[in-house]
Amino acid sequence: MKIRIHASTTLTTFSGPGPGQPLWQIAPTRDLAGKRLTDFMMLIPRLRSRPRVEIERASREIQAVLALHQDVVFADLNLKLNLLWVSLRPRPGAISELAAAIRLRVPEAVLVAHYAEPR
């Protein structure tokens with residue numbers, strides 16, 4: 001798993017292109033076996049404006065959650081946008097499970113999703 005955290009030199013564990021590249025160019029769409037990946041975003045309001053200690057705590061909490069899930073292939077925490085992007089192998093309930101686990105440790109994190117009309 002590659003975790004990329006912008007604007008935090010102490011927590012970056014990503015060994016690839018620098019933070020100047022657009023996410024669509026670096027986020028994987030397929031795993032090593034060629035199977036398609038799924039992804040989700042979480043907004044963490046005002047994260048970038050918090051003290052550095054709080055930013056690092058939130059980053060560590062997110063990394064701890066993601067490290068426990070073998071389905072996660074890539075993660076990007078963009079402090080400029082206060083946005084977490086996660087790419088993972090598709091599995092029923094995986095996105096809900098991960099989002100809930102992140103919210104337990106970072107309660108202000110909000111899953112970004114489209115609204116579907118109930119039938």
Side-chain angles (χ1 to χ4, degrees):
M1 171 183 50
K2 297 177 182 176
I3 299 174
R4 190 174 106 125
I5 301 174
H6 295 259
S8 178
T9 57
T10 60
L11 295 174
T12 300
T13 58
F14 179 75
S15 59
Q21 286 193 299
L23 190 56
W24 65 268
Q25 288 182 340
I26 58 170
T29 57
R30 297 183 180 276
D31 66 9
L32 295 175
K35 294 184 180 178
R36 292 194 56 82
L37 299 173
T38 189
D39 46 53
F40 68 95
M41 294 186 300
M42 293 189 85
L43 182 65
I44 307 171
R46 296 175 294 283
L47 179 63
R48 73 172 174 255
S49 62
R50 295 188 189 150
R52 183 170 178 84
V53 170
E54 288 185 36
I55 293 170
E56 289 181 358
R57 180 205 56 81
S59 298
R60 281 192 305 274
E61 295 291 351
I62 291 167
Q63 284 185 19
V65 169
L66 297 177
L68 293 174
H69 294 270
Q70 296 175 354
D71 295 328
V72 176
V73 175
F74 173 87
D76 180 85
L77 179 59
N78 186 323
L79 292 177
K80 185 176 181 180
L81 300 176
N82 297 316
L83 192 69
L84 172 67
W85 177 281
V86 180
S87 296
L88 61 150
R89 290 178 198 88
R91 178 178 54 83
I95 291 174
S96 299
E97 181 182 310
L98 268 168
I102 290 169
R103 289 214 54 205
L104 282 174
R105 293 192 177 202
V106 184
E108 60 276 14
V110 179
L111 182 64
V112 177
H114 70 280
Y115 176 74
E117 291 280 334
R119 292 182 183 207

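Just so you know, these numbers use all the heavy atoms, side chains as well, and skip hydrogens, waters and symmetry mates. Index from 1, following the sequence.
Remark: Arg30 pairs with no residue by the salt bridge (Lys or Arg N to Asp or Glu O under 4.0 Å) rule, at least two apart or across chains. Taking the side chain to side chain contact (heavy atoms under 4.5 Å, CB included) definition, one finds that Arg48 meets it with Leu79, Asn82, sequence neighbours left out. With sequence neighbours left out, the side chain to side chain donor-acceptor pair (under 3.5 Å) criterion links Arg50 to Glu108.
Leu98 CG to Leu66 CG: the interatomic distance, rounded to the nearest 0.5 Å, is 6.5 Å. The distance from atom CD1 of Ile102 to atom CG of Leu111, rounded to the nearest 0.5 Å, is 9.0 Å. For the atom pair CZ (Arg36) and OG1 (Thr29), the distance works out to 6.0 Å, reported to the nearest 0.5 Å. With values rounded to the nearest 0.5 angstrom, Gln63 atom CD is found 10.5 Å from Glu56 atom CD.
Residue Gln25 qualifies as enclosed at atom CD: its count of foreign heavy atoms under 6.0 Å is above 12.
Considering only heavy atoms from C-beta on, Met41 stays 4.5 Å or farther from Leu84 through its side chain. The side-chain heavy atoms of Leu88 and His69, taken from C-beta on, include no pair separated by under 4.5 Å. The closest side-chain heavy-atom distance from Leu77 to Leu47 is below 4.5 Å. Using a 4.5 Å cut-off on side-chain heavy atoms (C-beta onward), Asn78 and Trp85 make no contact. At a threshold of 4.5 Å between non-hydrogen side-chain atoms, the residues Phe74 and Asp39 do not count as touching.
When all heavy atoms are compared, the tightest approach of Ser87 to Pro28 is OG-O, 3.9 Å. Taking both residues in full, the closest heavy atoms of Ala64 and Arg105 are given as CB-NH1, 3.0 Å, listed atom of the first, atom of the second, then distance. Nearest heavy-atom pair, Pro90 versus Leu37, reported as atom, atom and distance to 0.1 Å: CD-CA, 4.2 Å.
Remark: the backbone N or O of Arg46 is paired with a side-chain donor or acceptor of Ser49 at under 3.5 angstrom. In terms of modelled atom types and a separation under 3.5 Å, the side chain of Arg89 and the main chain of Gln70 share a donor-acceptor contact.
A continuous path of Ile, Leu, Val, Met, Phe, Trp and Tyr side chains, each step under 4.5 Å between heavy atoms, connects Leu81 with Val112, placing both in one hydrophobic cluster.
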